[in-house]
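Following: one structure in structure tokens, then a few remarks.
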Amino acid sequence: MVNITFPDNSVRQFEDGISGLEIAKSLSNSLAREVLAITVDEEIWDVTRPINKDASIKLHKWGDEESKHAFWHSSAHLMAEAIESIYPGTEFGIGPAIENGFYYDVDPGDSVQITDSDLIVIEKKMKELSTQKLAYSRKEVTKSEALEFFTEKGDEYKIELINDLEDIELTLYSQGNFTDLCRGPHLPDTAPIKAIKLLSVAGAYWRGDEKRKMLTRIYGISFPKQKMLEEYLEMLEKAKERDHRKIGRELELFTFSQRVGSGLPLWLPKGAQLRERLESFLKKVQLQHGYQPVITPHIGQKELYVTSGHYEKYGKDSFQPIKTPQEDEEFLLKPMNCPHHCEIYKSRQFSYKDLPVRYAEFGTVYRYEQSGELHGLTRVRGFTQDDAHIFCTPDQLKDEFNKVIDIILYIFKALDFQDFTAQISLRDPDDKEKYIGSDENWEKAEAAILEATNEKGLETVIEKGEAAFYGPKLDFMVRDAIGRKWQLGTIQVDYNLPERFELEYVGSDNEKHRPIMIHRAPFGSMERFVAVLIEHTAGKFPLWLSPEQAVILPISEKYHDYAEKVLNSLNNYDIRTLIDKRAESIGRKIRDSELKRIPYLLIVGEKETEAGTIAVRKQGEGDIGTMKFEEFVEFIQSEVAKQI
RNA sequence: GCCGAUGUAGCUCAGUUGGUCAGAGCAGCUGAUUUGUAAUCAGCAGGUCGACGGUUCGACUCCGCCUAUCGGCUCCA
């Protein structure tokens with residue numbers, strides 16, 4: 001007998017070798033039908049796997065991540081079986097469950113090309129196989145047995161994977177005619193995989209290495225019920241409605257021109273207004289925090305970037321140097337503001353009493369991003385960083401770092417960005433070649449970040465190998481409408497540039513010392529930030545940011561005079577207002593203004609003209625009642641005051 | 001940069017096997033309508049069918065190359 005502990009801490013005895021499924025069955029038949037995975041002492045298992053020891057367990061139904069993982073992982077295997085039956089001889093890379101669904105990287109051979117239209121065929125085959133209720137069976141094998149199996153099958157990718165594994169017990173999972181190297185867990189059988197949709201086919205380098213072969217990656221999603229799939233697809237469609245590229249066009253915020261060049265955004269008047277409001281908001285915050293604005297040119301001598309190390313690191317993949325009419329003079333479009341700011345620091349002497357010095361600039365930089373990488377405003381070739389560089393003494397570092405965290409959190413809060421992750425990016429300990437600077441400085445810098453975030457109680461994830469080449473960083477990441485992660489705010493500790501630029505300050509000991517530099521950008525880039533803001537708000541910006549705050553909609557031409565009067569008064573209060581004087585029906589005017597996401601619609605007709613009032617309609621909510629002019633001004637002002 | 005897809009009017013999209021197939025809705029313009037809470041009606045105008053080359057008697061349609069965009073991969077100072 002084994003003692004099984006349930007999540008509520010109750011303990012029951014079962015026969016040795018009982019499976020999760022059987023335990024579920026002993027509780028209720030309906031549970032047994034729904035249970036998809038089981039956690040056994042922190043490990044996630046197949047529900048069919050025998051339990052031979054005392055254990056605490058948790059049974060997982062569809063709603064749990066563990067179940068979804070098993071479900072999608074099993075779906076990936078099902079897809080692999082379908083692919084193998086349609087394209088015999090296909091070799092398989094990896095096929096994991098992901099956050100939403102699953103994928104499999106396959107190599108169907110050089111003569112075969114799987115395209116979008118083939119997905120339907122594969123999907124159909126999967127559905128056919130799923131109805132056969134094929135059991136997923138688990139088999140423990142030794143490394144050499146596994147190697148033998150895949151050598152016989154002729155699957156070089158699996159062989160490579162196995163060879164990289166330690167010589168321990170491996171597991172193979174089979175269903176129908178398909179067997180895969182896999183840790184599991186899986187569903188008992190294919191039957192629950194009822195609703196399947198293969199979403200896209202894409203290339204993906206084997207093991208993420210661009211020097212290796214590109215495999216065909218097929219993305220899919222599956223659910224136990226058709227309705228769930230439909231809901232998911234609907235949700236995807238809805239998310240697309242928030243796409244900043246679409247809203248940016250609709251609301252006339254920005255555009256691109258092929259003649260100007262790809263990845264070079266053109267800010268339209270309304271977008272420029274929005275951006276400038278964000279900039280002045282941050283400028284004000286920065287002034288309060290002791291930052292000093294500086295301004296630097298868009299280009300700099302090539303030598304500047306040789307000194308900074310950027311040229312060696314990125315020179316080949318950058319916009320190439322601009323040449324002057326004189327020979328041997330080369331300038332680069334600046335890819336970063338820091339070298340310029342270092343030169344500003346060098347323009348005078350500093351005592352320890354002067355530090356920290358904080359230079360801030362909305363600096364426009366140009367980077368030659370790979371063509372396949374460009375994406376709306378989130379990945380562009382010319383963008384403006386809300387950049388600043390803090391030069392401080394070693395004992396000021398942690399405090400300064402913390403103050404930057406405060407600014408970022410304040411901004412995120414003001415803009416209602418609650419759903420972000422803070423990521424600490426450290427050096428890859430196995431590939432120090434990628435970085436510049438001494439081990440000692442790296443260790444100090446990394447320790448400073450870890451200490452500061454710890455002190456702040458900031459919840460962070462640590463990513464090794466994600467650091468910048470000159471220093472570790474703390475990044476604030478947010479997701480876009482369809483779940484892609486983007487880096488917004490960033491704080492980076494840098495011991496290297498002060499060294500390279502030979503920056504100094506005079507300490508209390510009257511000796512020269514090297515300051516430490518913090519690079520920081522709370523928004524990251526104005527372009528990317530606005531993009532994410534658009535997706536976050538679906539174009540319904542907070543009142544203080546909205547390019548147009550209110551629109552007056554006269555019922556007919558008779559009320560234009562009154563409307564003008566209201567407009568002038570509102571403009572006197574700096575409430576950004578316009579009038580829709582078109583000879584259209586009020587319904588039409590409301591609709592058009594709603595679609596433009598103007599926060600307040602002010603309807604004026606006979607009643608309002610006589611009473612000296614306005615009928616207020618809130619975007620997305622409808623009529624919120626009639627107000628006197630002063631009431632409305634107060635209403636708007638208090639809303640703005642609440643927001644910032 | 002790599003894999004795949006797409007590119008028809010300002011926007012969203014139709015366009016059957018190459019031969020009056022250059023179309024629709026919205027937006028725009030003109031006129032009428034003067035309207036009470038999400039689309040008033042009518043008329044007009046709009047496109048070197050992404051660019052360049054080729055096949056053909058004939059190309060939006062087929063082929064090649066380029067370019068841009070989209071979804072991934074790699075990259076992201």
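Just so it is clear: chains get the letters A, B, ... in the order the sequence lines come, proteins before strands, and each one is counted from 1.
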With both distances under 3.5 Å as the test, what is the Watson-Crick or G-U wobble partner of C62(B)?
G54(B)

Taking any heavy-atom pair under 4.0 Å as a contact, classify Arg245(A): base, sugar-phosphate, or nothing.
sugar-phosphate

base_contact_polar (C76(B) base, Arg381(A) side chain, donor-acceptor, <3.5 Å)
no

Tell me if the side-chain of Tyr368(A) makes a donor-acceptor pair with the base of G1(B), cut-off 3.5 Å, by modelled atom types.
no

Would you say the side chain of Arg217(A) and the base of C3(B) hold a donor-acceptor pair, judged only by whether the two atoms sit under 3.5 Å apart?
no

Each nucleotide in nucleotides 4-11 of chain B should get exactly one letter: B, S or -. Can you fill that in based on protein heavy atoms under 4.0 Å?
SS-----S

Is A5(B) paired to anything, Watson-Crick or G-U wobble with both distances less than 3.5 Å, and if yes, which nucleotide?
U69(B)

Counting primed atoms plus P, OP1 and OP2 as sugar-phosphate and everything else as base, spell out the protein contacts along nucleotides 31-39 of chain B at 4.0 Å heavy-atom distance: B, S or - for each nucleotide, 5' to 3'.
--BBBBBBB

Cation over ring face, Arg217(A) and Tyr103(A), 6.0 Å, 45°:
yes

Return the nucleotide paired to G25(B): Watson-Crick means purine N1 to pyrimidine N3 with N6-O4 or O6-N4, wobble means G-U with N1-O2 and O6-N3, both under 3.5 Å.
C11(B)

Just call it for His375(A): base, sugar-phosphate, or nothing, with non-hydrogen atoms closer than 4.0 Å on any strand.
sugar-phosphate

Roughly how many Å is it from CG in Asp105(A) to C1' in G72(B), rounded to a whole number?
10 Å

